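These figures come from a predicted structure and were not determined experimentally. The residues of the chain are indexed from 1 along the displayed sequence. We use all heavy atoms of the structure for the numbers below, so side chains are in, but hydrogens, waters and symmetry mates are not. Start at 1 and go down the list; that is how both ligands and their atoms are numbered.
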Amino acid sequence: MQYVSLKPDGLLCSRLVWGVMNWGVWGSQFNTQAMLSLIEQALELGLTTFDHADIYGHYTTEAEFGAALKLSPALRPQLQLVSKCGIHLVTPNRPENVLKSYDTSKGHIIASAERSLKNLHTDYLDLLLIHRPSPLMNPDEVAEAFQQLKKAGKVRYFGVSNFTPSQFLMLQSRTELVTNQIEASLFHLDSMFDGTLDQAIQHQSRPVAWGPLGSGQVFGKTVDPQHLKVIEAAKKISQAHGAVWSLDQILLAWLLQHPAGILPVLGTTKIERIQAANQALDLTLDQREWFALLEAARGHEVA
Ligand SMILES: NC(=O)c1ccc[n+]([C@@H]2O[C@H](COP(=O)([O-])OP(=O)(O)OC[C@H]3O[C@@H](n4cnc5c(N)ncnc54)[C@H](OP(=O)(O)O)[C@@H]3O)[C@@H](O)[C@H]2O)c1
């Protein structure tokens with residue numbers, strides 16, 4: 001495993017982050033013991049950073065993960081816990097939410113962070129992100145909420161998710177942001193060409209990439225022409241390296257090689273796929289291989 005700071009002197013994270021969106025009712029429905037076992041196995045591999053959001057599992061997954069941590073409180077200092085806030089999800093678990101909407105008010109940010117702390121059985125979050133940019137976001141109000149949470153020792157660092165470069169700059173003008181968590185993969189290339197990754201390099205803030213494997217659609221019986229082209233290009237690369245590299249490893253190696261120093265958030269629920277991803281940290285594609293994958297994903301060569 002590698003360890004990297006999201007900013008110079010900022011939060012130190014494992015290069016691979018485990019996203020737990022599908023650990024609970026939105027996916028594998030692990031019980032408490034199974035969650036604890038996965039956390040322990042991840043730590044054995046050196047993976048220490050876990051990505052949550054208040055809304056995962058219709059607001060239930062944080063509490064389930066927290067119940068696992070409660071069984072073994074000594075684990076907490078070894079982990080970096082990331083959570084997100086700012087979305088009102090319509091669900092029977094929150095009858096007061098009658099319309100899906102965003103909320104970046106000071107009151108909501110603080111209340112959501114405090115609820116995450118309670119659910120996760122922890123005194124502090126390592127990183128809190130604004131989940132989606134709201135057109136109604138008042139950066140001064142967000143900055144006040146962040147300042148209050150930091151002063152109280154409840155959140156160590158702050159960031160955003162799915163922000164455009166200008167939205168990032170607007171909030172960054174009022175408060176220190178350590179990362180923008182964005183969708184990025186060979187199947188979602190916008191951030192590479194719309195200035196998002198350029199900005200990350202300029203600000204020395206490493207991006208965190210959700211959906212690093214395109215949310216898994218490339219695996220299995222895909223008939224999508226883009227998927228098929230990428231699979232074919234990846235196969236050629238794998239064969240050139242003795243057929244020991246798997247498709248997921250090649251997709252990850254491609255993303256990891258970008259100079260922005262991206263941290264992929266892995267959405268798998270299987271420890272063996274985390275092990276494979278860990279090995280991908282040691283793969284290096286040559287420039288021809290990297291551009292062959294880009295060409296396959298875009299369906300055309302570079303200009
Ligand atoms: N900030 C945001 O707005 C946002 C949005 C979405 C997600 N996220 C975060 O990002 C995390 C990851 O997102 P994601 O789920 O889209 O990530 P992903 O890693 O691109 O996709 C995960 C999916 O791919 C499947 N998969 C992975 N490796 C595979 C393989 N070798 N063969 C077959 N299937 C494979 C997984 O199934 P298995 O479980 O069977 O391996 C899972 O269904 C989430 O957990 C969440 O923490 C953030």
Side-chain angles (χ1 to χ4, degrees), residues 13-14 16-30 34-35 38-39 41-42 47 49-57 61-62 64-65 79-87 89 100 102 116 120 125-134 158-164 167-168 177 179-191 196 207-222 224 227 230-231 234-235 238 245-256 262-280 297:
C13 294
S14 52
L16 301 176
V17 176
W18 202 342
V20 303
M21 186 175 74
N22 291 328
W23 282 28
V25 299
W26 282 359
S28 294
Q29 304 188 21
F30 293 129
M35 285 201 190
L38 286 178
I39 298 166
Q41 290 177 74
L47 189 156
T49 309
F50 289 83
D51 183 70
H52 287 266
D54 57 344
I55 59 170
Y56 290 168
T61 306
E62 280 188 333
E64 290 169 354
F65 189 99
L79 307 177
Q80 297 81 46
L81 295 181
V82 182
S83 193
K84 315 184 194 82
C85 65
I87 300 178
L89 210 61
K100 187 171 185 192
Y102 299 150
S116 292
L120 288 163
L125 290 173
D126 293 281
L127 176 61
L128 178 69
L129 310 177
I130 301 293
H131 206 150
R132 297 264 169 191
S134 167
F158 300 91
V160 293
S161 184
N162 304 300
F163 273 42
T164 64
Q167 289 162 342
F168 185 93
L177 302 173
T179 193
N180 188 4
Q181 183 179 126
I182 48 163
E183 183 175 16
S185 71
L186 262 169
F187 310 103
H188 198 95
L189 294 161
D190 295 0
S191 61
T196 304
V208 175
W210 65 268
L213 299 175
S215 301
Q217 288 161 22
V218 70
F219 305 103
K221 290 185 181 142
T222 179
D224 182 309
H227 293 166
V230 169
I231 291 169
K235 256 188 202 151
S238 179
W245 295 1
S246 57
L247 176 59
D248 49 348
Q249 288 177 323
I250 290 172
L251 299 178
L252 286 172
W254 184 87
L255 196 60
L256 289 163
I262 297 166
L263 288 78
V265 194
L266 305 167
T268 185
T269 51
K270 304 195 169 62
I271 192 72
E272 58 274 20
R273 291 182 179 157
I274 299 289
Q275 278 159 347
N278 198 22
Q279 289 163 359

Evaluate the side chain to side chain contact (heavy atoms under 4.5 Å, CB included) criterion for residues L120 and H52: first the C-alpha distance (whole Å), next the side-chain angles of each, then the deciding distance (0.1 Å), finally the verdict.
-> CA-CA 10 Å; L120 288 163; H52 287 266; 3.7 Å; yes
For [atom], what's the nearest protein heavy-atom neighbour? Residue, atom name and distance, please.
| atom | value |
| --- | --- |
| atom 19 (O) of ligand 1 | G267 N, 3.0 Å |
| atom 31 (N) of ligand 1 | D248 OD2, 3.1 Å |
| atom 36 (C) of ligand 1 | T268 CA, 4.0 Å |
| atom 3 (O) of ligand 1 | N162 ND2, 2.8 Å |
| atom 6 (C) of ligand 1 | W210 CE3, 3.1 Å |
| atom 47 (O) of ligand 1 | D51 OD2, 2.7 Å |
| atom 30 (C) of ligand 1 | R273 NE, 3.4 Å |
| atom 24 (O) of ligand 1 | G216 CA, 3.1 Å |

Should you measure from each heavy atom of [X], which atoms of ligand 1 turn up under 4.0 Å away?
| X | answer |
| --- | --- |
| V20 | 45 (O), 47 (O) |
| P212 | 17 (O), 18 (P), 19 (O), 20 (O) |
| R132 | 3 (O) |
| H131 | 1 (N), 2 (C), 3 (O) |
| G19 | 45 (O), 47 (O) |

Is the shortest distance from a heavy atom of Y56 to ligand 1 less than 4.0 Å?
-> yes
Would you please determine whether H52 falls within less than 4.0 Å of ligand 1 on a heavy-atom basis?
-> no
Tell me if a side-chain donor or acceptor on [X] pairs with a main-chain N or O of [Y] at a distance below 3.5 Å.
| X | Y | result |
| --- | --- | --- |
| S161 | Q181 | yes |
| W18 | T268 | yes |
| S83 | L128 | no |
| S14 | T49 | yes |
| S116 | D54 | no |

With heavy atoms only and a cut-off of under 4.0 Å, state how [X] meets ligand 1: side chain, backbone, both or neither.
| X | answer |
| --- | --- |
| M21 | both |
| L213 | both |
| S215 | both |
| L129 | neither |

With no hydrogens and no angle check, do the side chains of T222 and D224 hold a donor and an acceptor under 3.5 Å apart?
-> no
Going by heavy-atom distance to [atom], choose the closest among [options].
| atom | options | value |
| --- | --- | --- |
| atom 14 (P) of ligand 1 | G211, A184, S185 | G211 |
| atom 40 (O) of ligand 1 | K270, E183, Q217 | K270 |
| atom 39 (O) of ligand 1 | I274, T269, T61, I87 | T269 |

Within the 6.0 Å centroid threshold, strictly below: F187 and H227 = yes
Could you tell me whether some N/O pair between L266 and ligand 1 is separated by less than 3.5 angstrom?
-> no
CZ on F168 to OG1 on T196, rounded to 0.5 Å | 10.0 Å
Decide yes or no on side chain to side chain contact (heavy atoms under 4.5 Å, CB included) for N278 and L47, but give the supporting numbers first.
-> CA-CA 9 Å; N278 198 22; L47 189 156; over 6 Å; no
Just wondering, do W23 and I39 contact through their side chains at under 4.5 Å, heavy atoms?
-> yes
Student check: side-chain heavy atoms of I130 and C85 closer than 4.5 Å | yes
Run the side chain to side chain contact (heavy atoms under 4.5 Å, CB included) check on N22 and Y56 step by step: do they pass?
-> CA-CA 8 Å; N22 291 328; Y56 290 168; over 6 Å; no
What's the shortest heavy-atom distance between W245 and S238, and which atoms?
-> O-OG, 2.7 Å
